[in-house]
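Chain letters run A, B, ... following the sequence lines, proteins first, then strands; residues in each count from 1.
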2 protein chains.
Amino acid sequence: MIDKQTEILRAALKLFVENGFHGTPTSLIAKEAGVANGTLFHYFSTKEELIVSLYVAIKKNLSACMVLEEDSFSSLKEQMKYIYVSALKWGIDNTTEFRFIQQFISSPYLLKLAPEEIQQKNTRILQLFQQGIDEKIIKKLPIDLINTLVNSHLFGVSQYVNQCQLAASERDNIISYSFELMWEMIAL
Amino acid sequence: MIDKQTEILRAALKLFVENGFHGTPTSLIAKEAGVANGTLFHYFSTKEELIVSLYVAIKKNLSACMVLEEDSFSSLKEQMKYIYVSALKWGIDNTTEFRFIQQFISSPYLLKLAPEEIQQKNTRILQLFQQGIDEKIIKKLPIDLINTLVNSHLFGVSQYVNQCQLAASERDNIISYSFELMWEMIAL
DNA sequence: GTCTATATCTCGATAGAC
DNA sequence: GTCTATCGAGATATAGAC
């Protein structure tokens with residue numbers, strides 16, 4: 001065990017996804033993490049703080065995977081595909097984290113986050129949408145709508161792929177093809 | 001008050017969406033419903049049964065809105081649009097129910113449902129997808145994938161419209177237009 | 001069927017030794 | 001920082017009168 005705090009977060013993630021926030025007492029989290037009950041409250045002053053911290057940590061992790069290399073000379077579509085595929089692969093390779101996010105954002109804990117935390121940090125993708133509209137590549141729609149549609153799309157595909165347990169090659173096919181489906185939806 | 005059982009369900013829906021399953025004690029539900037604590041447990045033997053019953057009731061309600069009149073001579077696309085629009089309007093006019101469904105299916109309570117309950121009753125829409133594929137109107141993809149994509153799409157649009165608080169005419173525009181977006185995605 | 005009253009239990013959080 | 005021990009609050013569910 002490298003770090004008890006990390007270990008607590010790991011245990012909490014696993015148990016919350018299995019049993020929900022309600023169904024997971026802090027005592028069980030401590031046990032699963034291999035630490036004492038009191039130790040948990042040394043790192044997180046309340047259960048709620050633990051839940052919210054976990055969300056922030058996971059979201060940070062996801063954002064890190066969606067960074068585009070600067071000075072990229074590829075086309076707008078290729079840039080978007082890169083980000084899309086990164087996000088999708090993350091959702092597929094991190095099923096538990098993915099399910100946690102889903103659970104969290106559908107719960108009232110979402111409102112405990114500072115509004116600035118909720119708002120999309122990753123404005124790079126929003127910039128790309130705007131650029132696409134300006135260059136008449138993407139349909140002229142409200143940016144927020146496009147963003148919502150693309151996010152839902154990603155959610156749907158992740159869910160489908162996670163359910164199906166496909167082989168790696170088949171999986172990559174779907175990922176790639178699903179981008180084209182999404183693209184046909186938003187492209188002019 | 002017509003029916004205490006209905007009143008309990010109504011109160012539970014409101015409070016669960018506001019405070020989550022965890023944050024809503026049965027005592028509060030009883031109070032909000034205007035009945036005694038014991039009465040709640042007369043109708044629902046456990047809190048969990050109440051939660052699951054509420055989901056089933058709401059799902060039934062939604063399904064009822066998605067029925068297509070028989071003997072419809074309209075085209076496949078028009079039939080699908082009718083169902084799509086009905087579902088979307090339901091999600092927009094019943095924000096609370098919509099949020100409850102979202103919360104429920106992201107929670108571990110989903111697993112408490114009998115598998116047959118989870119599975120899509122409304123196979124009419126699945127039949128339409130299959131028919132569309134056979135007639136080479138819709139892309140040849142796994143039915144489950146199409147279904148997942150359309151569902152996510154509906155979710156996304158509902159969420160967007162609910163957030164934006166649009167005027168009625170604007171709202172209808174988006175509903176109609178979003179169908180076309182979805183159609184471009186799945187149509188050949 | 002509906003109520004009041006309450007039993008029983010578990011959980012979140014704290015206190016204090018080490 | 002980490003542990004053990006425990007308090008007090010509040011939860012679900014029941015018992016029993018009406």
Peer 1: What's the CZ-C1' distance between B/Phe41 and D/dA13, to the nearest Å?
Peer 2: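 Atom-to-atom, B/Phe41 to D/dA13, this comes out as 5 Å.
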
Peer 1: Can you tell me how far C1' of D/dG10 sits from CG of B/Leu28, to the nearest Å?
Peer 2: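 It works out to 12 Å between those atoms.
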
Peer 1: Just the rounded figure in Å: distance from P of D/dA15 to CG of B/Leu40.
Peer 2: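 Those two atoms, CG and P, are 17 Å apart.
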
Peer 1: Does B/Phe155 have its ring centroid less than 6.0 Å away from the ring centroid of B/Phe98?
Peer 2: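 Yes - the distance between ring centres of B/Phe155 and B/Phe98 falls below the 6.0 Å cut-off.
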
Peer 1: Nearest-nucleotide wise, let me know which of A/Ala36 and A/His22 is further upstream toward the 5' end of DNA chain D.
Peer 2: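 The answer here is A/Ala36.
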
Peer 1: Checking B/Glu97 side chain against B/Asn61 main chain: does a donor-acceptor pair fall under 3.5 Å?
Peer 2: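 No.
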
Peer 1: B/Tyr84 vs B/His153 aromatic rings, parallel, tilted or perpendicular, using cut-offs 30° and 60°?
Peer 2: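 B/Tyr84 and B/His153: tilted rings.
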
Peer 1: Report yes or no: does A/Glu7 contribute a side-chain atom to a donor-acceptor pair with the main-chain N or O of A/Met1 at less than 3.5 Å?
Peer 2: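 A pair under 3.5 Å: no.
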
Peer 1: Is A/Phe44 touching bases, backbone alone, or none of the nucleic acid, heavy atoms closer than 4.0 Å?
Peer 2: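 It contacts nothing in the nucleic acid.
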
Peer 1: Would you please indicate if the ring centroids of B/Tyr55 and B/Tyr109 are separated by under 6.0 Å?
Peer 2: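 No, ring centres 6.0 Å or more apart.
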
Peer 1: First and last nucleotide of DNA chain C in contact with chain A, 5' to 3', at under 4.0 Å to a heavy atom: what are they?
Peer 2: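 Nucleotide range in contact with chain A: C/dC11 to C/dT14.
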
Peer 1: Say you draw a straight line from CG of B/Leu154 to CD1 of B/Ile83; how long is it, rounded to the nearest 0.5 Å?
Peer 2: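 Here the rounded value is 11.0 Å.
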
Peer 1: Can you tell me how far apart NE2 (B/His42) and OG1 (B/Thr39) are? Round to the nearest 0.5 Å.
Peer 2: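 Going from the NE2 atom of B/His42 to the OG1 atom of B/Thr39 covers 8.0 Å.
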
Peer 1: May I ask you to decide whether A/Glu180 forms a salt bridge with A/Lys77, counting only side-chain N to carboxylate O separations under 4.0 Å?
Peer 2: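 Counted as a salt bridge, because a side-chain N and a carboxylate O are separated by less than 4.0 Å.
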
Peer 1: Map A/Asn37 and B/Pro25 onto DNA chain D by nearest heavy atom, then report which one ends up closer to the 5' terminus.
Peer 2: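 By nearest-heavy-atom nucleotide position, the 5'-most residue is A/Asn37.
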
Peer 1: Between which residue ranges does DNA chain D form stems of three or more consecutive Watson-Crick or G-U wobble pairs, both distances under 3.5 Å?
Peer 2: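 Stems found: C:1-18 with D:1-18.
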
